Asker: 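Shown below is the structure under consideration.
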Amino acid sequence: MQNDLMLLLIEGTAHTIDSHAEELTRLDQAIGDGDHGINMARGFKEILAQKEAIAALPLDEGLKRLGMALVMKVGGASGPLYGTLFIEMGKAAPADPPSLVDLSAMLDAGVAGVKARGKAEPGMKTMLDVLCPVADTLRDRANNGEIDRLDERIIATAGHALHATSLMEAKRGRASFLGPRSVGHIDPGACSSALLIGAVVGVLAPQS
Ligand code: ADP
Ligand code: MG
């Protein structure tokens, strides 16, 4: 991946998280401890500070460094999980610029890492409830070569999946302490995942 593209991805994701930090915090106040926006903004501020160094690395190394920065800076439950997502994506990254099929395989590897690390599956009201359907859509489309309006399809998948977390009872993380009282609220980590996906699509779609 081009150095310039990585810079745009870092700037785009960091800006999106920063401008939605209050919303993420509000969601976490309802069913958690109210720190998700602060945690994510701290992590992405660090990535922004390291953007030149990350973008200068080959894609695999850059993603691993980005993931490590999130582990160190985000903290909470989400830091190690998002860190794992990017580190595992880095491990699965090809030496050449990634094709859509490569990107899909990278996201699958990242999601598998999050599942293993968090001992979670879709349906437990976590970030996986957005990441998994998006990975499924990307895999289906990339492998079938159906790339017409893929950006819209991915954004729609993420948005629909995000809102569906409201119907779920949390089975992992702090929200699970609330049991049935977690129903009726959108999951904060699912929201940050949807925001990150939107930001990545917003950068990559105009390039394709
Ligand atoms: P903490 O819960 O430690 O305060 P954050 O508020 O930063 O951490 O992140 C909370 C989010 O982390 C949740 O909304 C959920 O999406 C995600 N999460 C928590 N536990 C898990 C898990 N075991 N697997 C996947 N995601 C999880
Ligand atoms: Mg929290």
Side-chain angles (χ1 to χ4, degrees), residues 13-14 16-48 63 66-92 106-136 138 154 157-200:
T13 49
T16 295
I17 291 298
D18 187 57
S19 53
H20 290 86
E22 282 177 28
E23 183 185 339
L24 294 174
T25 286
R26 259 199 313 279
L27 293 174
D28 199 30
Q29 276 165 351
I31 56 170
D33 57 355
D35 62 354
H36 190 57
I38 298 162
N39 290 347
M40 293 296 285
R42 190 172 54 233
F44 278 83
K45 195 174 166 202
E46 174 66 18
I47 287 169
L48 200 56
L63 286 171
L66 193 153
M68 283 309 299
L70 293 181
V71 172
M72 307 290 282
K73 289 287 175 177
V74 174
S78 58
L81 293 165
Y82 273 122
T84 299
L85 176 71
F86 289 103
I87 291 167
E88 294 301 321
M89 286 181 75
K91 287 187 194 165
M106 289 164 62
L107 185 57
D108 280 342
V111 167
V114 174
K115 283 183 179 175
R117 176 112 206 184
K119 297 186 174 55
E121 291 292 333
M124 293 180 166
K125 198 180 182 91
T126 71
M127 59 177 72
L128 286 169
D129 289 302
V130 164
L131 295 174
C132 288
V134 167
D136 291 344
L138 182 58
I154 287 179
T157 301
H160 182 81
L162 169 63
H163 290 285
T165 65
S166 176
L167 305 171
M168 297 173 186
E169 181 175 330
K171 299 291 181 191
R172 290 290 181 275
R174 285 177 199 277
S176 66
F177 304 156
L178 294 179
R181 282 187 292 133
S182 63
V183 177
H185 301 275
I186 285 174
D187 178 64
C191 187
S192 54
S193 285
L195 288 168
L196 289 172
I197 287 157
V200 169

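Whatever order the structure lists them in is the order used to number ligands and atoms, beginning at 1. Note that this is a predicted model, so its numbers are computed, not measured.
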Asker: Between Pro188 and ligand 1, find which residue part has any heavy-atom pair under 4.0 Å and reply side chain, backbone, both or neither.
Answerer: both

Asker: Quick test: of every protein heavy atom, which one is nearest to atom 3 (O) of ligand 1, and how far off is it to 0.1 Å?
Answerer: Ala77 N, 2.8 Å

Asker: Calculate, to the nearest 0.5 Å, the distance between atoms CG and CD belonging to Leu195 and Glu23 respectively.
Answerer: 6.0 Å

Asker: In the protein, which heavy atom is nearest to atom 10 (C) of ligand 1, and how far is it?
Answerer: His36 ND1, 4.1 Å

Asker: One thing to verify: whether Lys91 and Glu88 come together as a salt bridge, which I'm taking to mean a side-chain N less than 4.0 angstrom from a carboxylate O.
Answerer: yes

Asker: Quick one: does Thr165's side chain have a donor or acceptor within less than 3.5 Å of a partner on Asp187's backbone?
Answerer: yes

Asker: So which heavy atom in the protein is nearest atom 18 (N) of ligand 1, and how far is it from that ligand atom?
Answerer: Leu81 CD1, 3.9 Å

Asker: Return the residue, atom name and 0.1 Å-rounded distance of the protein heavy atom closest to atom 17 (C) of ligand 1.
Answerer: Met127 CE, 3.9 Å

Asker: Which residue supplies the protein heavy atom nearest to atom 23 (N) of ligand 1, what is that atom called, and how far is it?
Answerer: Gly118 O, 2.9 Å

Asker: Quick one: does ligand 1 sit under 4.0 Å from the side chain of Thr126, the backbone, both or neither, non-hydrogen atoms only?
Answerer: both

Asker: Quick one: nearest non-hydrogen protein atom to atom 14 (O) of ligand 1, plus distance?
Answerer: Asp187 OD1, 2.7 Å

Asker: Considering only heavy atoms from C-beta outward, does the side chain of Leu63 approach that of Met106 to under 4.5 Å?
Answerer: yes

Asker: Regarding ligand 1, does Gly189 bring an N or O atom to under 3.5 Å of one of the ligand's N or O atoms?
Answerer: yes

Asker: Starting from the Mg ion (ligand 2), count all protein N, O or S atoms within a radius below 2.8 Å.
Answerer: 3

Asker: Does the side chain of Met127 come within less than 4.5 Å of Ser78's, by heavy atoms?
Answerer: yes

Asker: Parallel, tilted or perpendicular, judged at 30° and 60°: which one describes the rings of Phe86 and Phe44?
Answerer: perpendicular

Asker: Look up atom NZ in Lys125 and atom CD1 in Ile31, then write down how far apart they are to the nearest 0.5 Å.
Answerer: 5.0 Å

Asker: Could you measure the distance from the CZ atom of Arg117 to the CD1 atom of Ile87? Nearest 0.5 Å is fine.
Answerer: 8.0 Å

Asker: How many angstroms lie between atom NZ of Lys73 and atom CD1 of Ile47, to the nearest 0.5 angstrom?
Answerer: 11.5 Å

Asker: Could you tell me the residue and atom name of the protein heavy atom closest to atom 2 (O) of ligand 1, and the distance to it rounded to 0.1 Å?
Answerer: Arg174 NE, 3.4 Å

Asker: Any idea which protein heavy atom is nearest atom 24 (N) of ligand 1, and the distance to it?
Answerer: Ala120 CB, 3.6 Å

Asker: Drop me the distance from Glu121's CD to Lys115's NZ, to the nearest 0.5 angstrom.
Answerer: 4.5 Å

